[in-house]
Each structure stands twice: as C-alpha cells, then as structure tokens.
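Residue numbers begin at 1 in each chain, while the letters A, B, ... track the order of the sequences. Only this structure's heavy atoms are used, side chains among them; waters, hydrogens and symmetry mates stay out.
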Amino acid sequence: MKRRAFMLSVGGAAAGMVLLPRMAFAEAGRIDWYTSSDQNILDFWTNIVKPKFEAANPGVTLNLVDAGDAAGQTAIGERALAAMQTKTDPQADYFESADWRLPAGAADAGLYVNIKEAGLSNYSKINPLAFDGDFSVPYRGSQVLLAYDTTKLDPANAPKTFADLVTWIKANPGQFIYNRPDKGGSGGNFVRRAILEANGKDLGKFKIDNYTQEAGEAALNPAWDILKDLSGSLFDNGAYTSGNTQSIQLLGQSAVTMIPAWSDQAIQAINTGVLPETTGLVQLQDLALPGGFSRSVVLSNGVNKDAALKLADFILTEEVQSAVLSELGGFPGVAWDYVSQDLREKYKDVIPTTIPAFPGGDWEKAINDGWYRNVAPNVDRSA
Amino acid sequence: MTITPASDIVGTKKSGRPVGLLLVAVPVLLVCWMVIWPIISAITRTVWLPNEGSGRSFSLDTYKFFFSDQYSLNNLNVTLWTTTVTALLLLLVCLPIALYLRFAKGRLAAYVQGLAIFPMFVPSIILSYAIIRVLGPNGTVDLLFNAVGLPHIRSPYLTPWGPVIGLVWDNIPLTVLILLSGLGNVSNQSIEAARDVGAGRLALLWHIILPRISNSILVAVSFTVLGIFSAFTLPYVLGPAAPEMMGPFMQRTFRDLNDPTNAITQAVIAFCFCLVFGLFYVRSVAKNRAP
C-alpha cells in the first residue's frame with residue numbers, strides 16, 4: 001500500500017470514529033428511567049411495573065436503563081445537573097433509587113422535583129417511617145433480621161434482644177456467621193446493631209455529618225470489643241462470609257443455625273426453595289436490626305417530567321405495593337394499612353415497628369476499615 | 001553483474017520498512033497508551049502528593065505507610081504465600097498430566113485432555129460457589145465421608161486454603177497447555193536413544209525431559225504467578241476476611257474507603273512483584289529467539 005493511501009484510509013477511519021456517536025434526544029412520551037439496584041429490581045420493573053404502567057397510561061413507555069451502580073447513576077445525575085445549567089436535554093427523567101443529596105448541590109439547584117408539593121394522590125399513604133426529606137418517594141424497603149433453622153432452634157427460644165442473641169451465640173459455638181460489613185449489608189447492619197448496643201441504643205448519636213476521629217474511636221472501640229468477644233464462638237472459630245448469598249448458602253446447607261439476612265432476600269430464598277420451609281425469621285424487639293428504604297426521585301428538567309410524576313404516583317398504588325411484598329419480598333413503602341389483608345397476615349412476623357437507619361458517609365468508612373483492622377484479624381483460627 | 005541482485009534487495013528493504021513499522025505501530029501505541037502511560041501516571045500519583053500548603057510535592061508517605069502498617073504487610077504476605085503454594089501445587093499437578101498426554105495415545109488420553117482443559121470454560125464466580133457446595137461445610141465431600149463413617153473434615157472454605165484450591169483448579173488448563181507445547185520439543189528419538197543405553201524412568205525425566213522443557217516451566221510459572229497475584233474473585237469469595245489477598249484489598253481500599261492514593265500504592269507494589277516474573281518471561285522468550 002502506498003503511504004498516501006494508507007494515511008488517507010487511516011485519517012478517514014479516524015474521522016469516521018469521531019463522527020460515530022450520533023446525537024441522541026429524549027423522546028416525548030418515553031420516560032428515561034435509571035437504576036443502580038441489583039438485577040432482581042430491574043427484573044421486577046421489566047416484568048411487573050412496566051407492563052402495568054404502560055397499560056394504564058397509553059402513549060407513555062418506559063425506557064429502563066441499568067446505570068450499573070450508585071457511582072454510575074450519580075454520573076447521570078451530574079450530566080443532568082450540567083444540562084440544567086446549559087438548559088439542554090438531560091435525557092433522564094427518573095431514578096429508581098437515589099439519595100437526593102447526590103450529586104452535591106443538585107437539590108439546591110432544583111434538579112429534583114419536590115415530591116411533597118407535587119400533589120401525588122397516593123403521597124399520604126406513605127409509611128411515615130420511610131420519609132427522608134421531601135425530594136424522594138420511598139416505595140420499597142428492606143431490613144436485616146435473623147433467619148434461623150427451626151429444626152435446630154425452637155421458635156419459642158429464638159433470641160428477642162441483642163443480649164439474648166449474644167448469650168445464644170456463646171452457648172452454641174460455631175452456629176452463627178455474619179458477612180463482612182462492606183460486602184452485602186446484612187452483616188454490616190448486624191455490626192451496626194452491635195455499635196448501637198455499645199452506645200446505649202442511641203441512634204441520635206450517629207449523624208451523616210458528625211463523624212470525627214475522636215467520636216469515631218469513642219463510639220466504635222467498645223463495639224469492636226463486643227464483636228471480638230463473639231468471634232471465637234462464630235462458625236469455624238471466627239469466619240466471615242463475603243456476601244449475603246454465601247451466608248444464606250451456609251444456612252441452607254445446615255452448616256450454621258442462624259444468620260443475619262435481608263428480609264427481602266430471606267423471603268425470596270424461602271419462596272424459591274433456596275432456604276427450606278422450616279426457616280424461621282425473627283426481629284430483635286429491644287431495637288431492631290437496621291435497614292432502609294429505597295427512594296425514587298424525579299428530575300425537574302426531564303422532558304417527560306409529568307409522565308415521570310405519574311409513574312411516581314403509580315408505584316404507590318396497592319397493586320404495585322402488594323407486588324413489592326409478594327414478588328420482590330421487600331417492605332411496601334406505603335403504610336401497612338394500604339396492603340391487602342392476606343399479605344399483611346402472611347408477613348406479620350417481619351412487619352417492622354421501627355427501622356433504625358444508620359448514616360453512611362464517613363461513618364461507613366470508619367466502620368468498614370475499623371472492622372477489618374480490629375475484628376477480622378483478631379482470631380486464632382487454628383484453635 | 002553481482003550489483004543488480006544486491007540493489008534489488010536493498011530496494012525491497014527500503015520500501016518494506018515503513019509498512020513493517022506501521023504494522024507494529026498499532027500494538028506499540030496501544031501498549032504505550034493502555035499500559036505504559038497508566039503505570040507512569042500511577043507512580044506519579046503516589047509520589048507526588050498534596051502537601052500542607054496548596055501545592056503538591058514529592059513524598060513517599062503512602063509507601064512508608066504500607067511498609068509500616070502490619071495489616072497491609074499481612075495482606076502482602078498472604079498474597080506471596082498463596083502465590084508460591086499455588087504455583088508449586090500447579091507444577092506438581094500439571095507436570096504428570098502433561099507427561100501423560102505427551103506419551104499416551106488413544107481415546108482415554110483424549111478424554112483426559114478434555115478434562116484438563118475444561119476449567120478454562122468455567123467462570124471463576126461459578127467455580128467459587130461450586131467449591132462452597134462441594135468442599136464447603138456439609139458439602140458433598142463432607143456428606144460422602146460421613147456416609148462411610150469418617151469424621152467431619154475442616155472445610156477449606158473461608159481459610160487461606162480455599163483460594164489456593166480454587167486457583168489451582170482454575171489455572172490447570174493454561175499450565176498443562178504450556179507444558180505440553182514444551183514437551184513437543186522432546187523428540188521420541190532422544191528418549192529411545194536414552195532407553196537404549198539403559199536409562200530408567202527417573203533418569204529419563206531428569207536428564208532428557210526436564211532440561212528440554214525448563215524454559216516452558218519458567219513460562220508456565222511466570223504466567224500463573226502473574227494471574228494468581230492479581231486474582232480477585234476466588235480470594236474474594238473463598239478466602240478469609242483477614243488477611244486478604246492484594247486483589248480484594250485494593251478493591252476495598254479504592255471503593256469502600258474512597259482512598260485511591262493508597263489503592264494505587266498497593267497496586268504499584270503488587271506491580272513491582274509481578275515485574276520480576278514478567279522479566280523472567282521476557283528473558284526466556286528473548287533467549288528462545290536468539291539464534
């Protein structure tokens with residue numbers, strides 16, 4: 001090949017690549033929806049919410065997009081914030097589960113619709129425990145509880161307080177395991193419950209912006225002592241699984257008697273046969289294990305803002321909320337009075353009276369790193 | 001009359017050179033862009049840190065922290081231990097398989113080869129869960145042992161041996177293939193000649209076969225060491241919470257602790273260890289190409 005021909009073809013290909021990303025515009029009547037949640041949530045929307053919503057609202061379609069993870073969705077939020085400043089099309093209308101505080105400054109700039117003032121017909125049905133400011137719609141929740149094998153532990157003797165749980169773990173060495181606090185959350189919220197236990201069950205002590213190194217050490221060190229004390233009585237003298245699923249697998253293989261588990265995952269596991277019918281679920285009564293709600297936000301500069309608000313209202317209807325419970329195994333975002341009677345009866349054991357929520361941010365970092373440095377290595381595995 | 005062919009050769013060389021260079025330009029540019037540049041940028045970011053003022057200055061603080069922090073050192077140690085043990089076990093397992101496949105003929109050898117290559121097609125995340133099922137507590141092996149009245153085994157799951165078993169299984173195909181290609185260099189004549197002068201099986205292995213495949217062994221070891229050192233999924237799912245291997249440790253530092261500088265420092269340190277084995281590989285390739 002002649003050099004000139006080569007240069008021409010290379011140049012042409014390069015120019016073509018630059019022109020390749022074609023301009024994309026949001027379509028009227030097509031809600032651009034993003035999620036940072038797991039596949040089961042996307043499946044739930046694809047198979048249940050989307051068909052129901054599109055049938056109820058002719059002419060409106062849902063474009064379900066997986067943003068990958070929280071960081072991916074925040075990037076879309078940043079793009080929308082930038083689009084707001086330049087008054088261009090953000091190509092995004094709805095985030096399935098978002099913290100309205102992210103990206104920083106978005107709420108102040110008016111990126112998210114104030115849901116309280118948006119006049120949703122179902123807004124008054126929302127469970128008062130679930131609110132987190134006025135910019136988001138809590139529509140599904142999950143909480144960590146204890147899942148146990150009723151063939152080995154009589155439900156009448158299941159621990160009801162954290163102190164009972166500690167006594168039980170020590171009396172039954174090797175029968176309890178929780179997963180690492182940064183990997184999956186069921187173990188993380190067990191660790192957080194231990195932290196609350198070490199701090200007089202005082203949730204008010206932990207706020208998103210009050211972490212300092214001294215406060216961290218004062219609050220967390222006693223909790224590490226509780227957990228270090230437990231480690232020798234855990235499965236295999238102090239092993240910690242690396243995810244929610246692995247804990248459930250060990251309970252399913254009857255290798256342990258009790259684990260902390262997410263309510264939705266435990267219910268789903270029982271329904272699909274991963275955990276046997278004889279699995280019992282119990283929540284601590286003195287102070288529940290922490291959990292949280294997933295809250296949707298609507299973007300104020302989206303092309304389909306009005307349709308997106310209709311969607312936000314739609315997910316609070318009894319039809320979708322009952323499906324959250326029966327199909328997803330999550331808690332409804334609405335108060336339990338707005339869920340059908342037979343479902344309420346079936347899940348009465350896991351209906352939370354309180355859902356302690358622990359702040360993230362710097363506390364989360366301190367807890368994760370502190371646990372790895374203080375609790376995890378402190379075991380004599382050969383014993 | 002001797003000038004004409006000589007000028008012909010020179011002529012073709014002249015017109016051939018740019019095309020040849022252009023052909024290698026794409027991979028070289030890719031390596032510079034995707035490998036060399038990230039290395040330079042990573043090293044710069046770990047030694048050019050923000051100082052008390054507003055600027056940045058040269059500092060080795062993150063490296064000092066790593067090498068004075070017992071937790072980080074434990075993680076490095078367990079990574080080196082896992083790498084060494086896995087590489088040794090791999091050689092012990094794969095060399096007999098490769099020798100068998102080199103000298104055996106027939107249908108059974110084909111099945112063994114298929115079985116040895118099989119792990120290549122199993123994603124490591126599936127392998128991890130399968131190992132929990134089989135070797136985990138109350139897993140298949142445990143149940144079979146119990147059925148014949150043997151006591152419970154202590155499961156390797158969530159101990160440092162968990163990742164070792166998984167990594168050995170996962171790396172069998174690559175190691176067997178490399179050793180097998182090396183064994184192709186051992187001619188049947190030389191083996192028969194050695195047999196004729198009365199060499200036993202061990203002498204055959206030691207004096208005839210091993211010297212010829214030492215290069216392949218080196219290549220196989222450096223390849224597997226590079227893979228094991230940076231392994232993520234198997235140590236993450238099967239290994240203990242602490243000490244962690246470098247892969248999960250880096251990921252956790254980067255993502256959970258939002259601490260890219262220390263994560264990159266860990267990566268640079270891991271890279272330095274891998275570099276040594278990379279050099280072994282490059283040296284053996286260069287040695288092979290020399291006439």
Whatever's closer than 4.5 Å to a heavy atom in chain A on B:Glu244 counts as side chain
Shortest non-hydrogen pair, A:Arg180 vs B:Tyr236, comes out as NH1-O, 3.6 Å
Any idea which of A:Ala255, A:Ala366, A:Gly243 has the most non-hydrogen atom pairs under 4.5 angstrom with chain B?
A:Ala255
Side chain from CB out, backbone as N, CA, C, O: work out which of these in B:Asp69 comes under 4.5 Å of a heavy atom of chain A, or both, or neither.
side chain
Grab the two heavy atoms, one from B:Ala242 and one from A:Ala376, that are nearest each other, plus how far apart they are.
CB-CB, 3.6 Å
Residues, nucleotides or ligands: over 12 heavy atoms within 6.0 Å of B:Tyr129 OH
yes
So which of A:Asp369, A:Val256, A:Thr245, A:Thr241 has the biggest tally of heavy-atom pairs under 4.5 Å with chain B?
A:Asp369
As an exercise, state the distance from CG of A:Asn237 to CZ of B:Arg154, rounded to the nearest 0.5 Å.
6.5 Å
Contact part of B:Arg252 toward chain A, heavy-atom cut-off under 4.5 Å: side chain, backbone, both or neither?
side chain
Minimum heavy-atom separation for A:Arg373 and B:Ser72, please, with both atom names.
NH2-OG, 4.3 Å
Please check if the side chain of A:Gln253 supplies one atom and the backbone of B:Pro137 the other of a donor-acceptor pair under 3.5 Å.
yes
If you look at every heavy atom in A:Tyr240 and B:Ala241, which pair is closest and at what distance?
CD1-CB, 3.9 Å
More than 12 heavy atoms of other residues, nucleotides or ligands under 6.0 Å from CZ of B:Phe118: is that the case?
no
To the nearest 0.5 Å, how far apart are CD1 in B:Ile132 and CD in A:Gln249?
4.5 Å
Surrounding CZ of B:Phe145 (heavy atoms of other residues, nucleotides or ligands, distance under 6.0 Å), is the total greater than 12?
no
For B:Trp81, look at atom CH2 and say whether over 12 heavy atoms of other residues, nucleotides or ligands are found less than 6.0 Å away.
yes
Heavy-atom distance under 4.5 Å between the side chains of B:Leu158 and A:Ile177, does that happen here?
yes
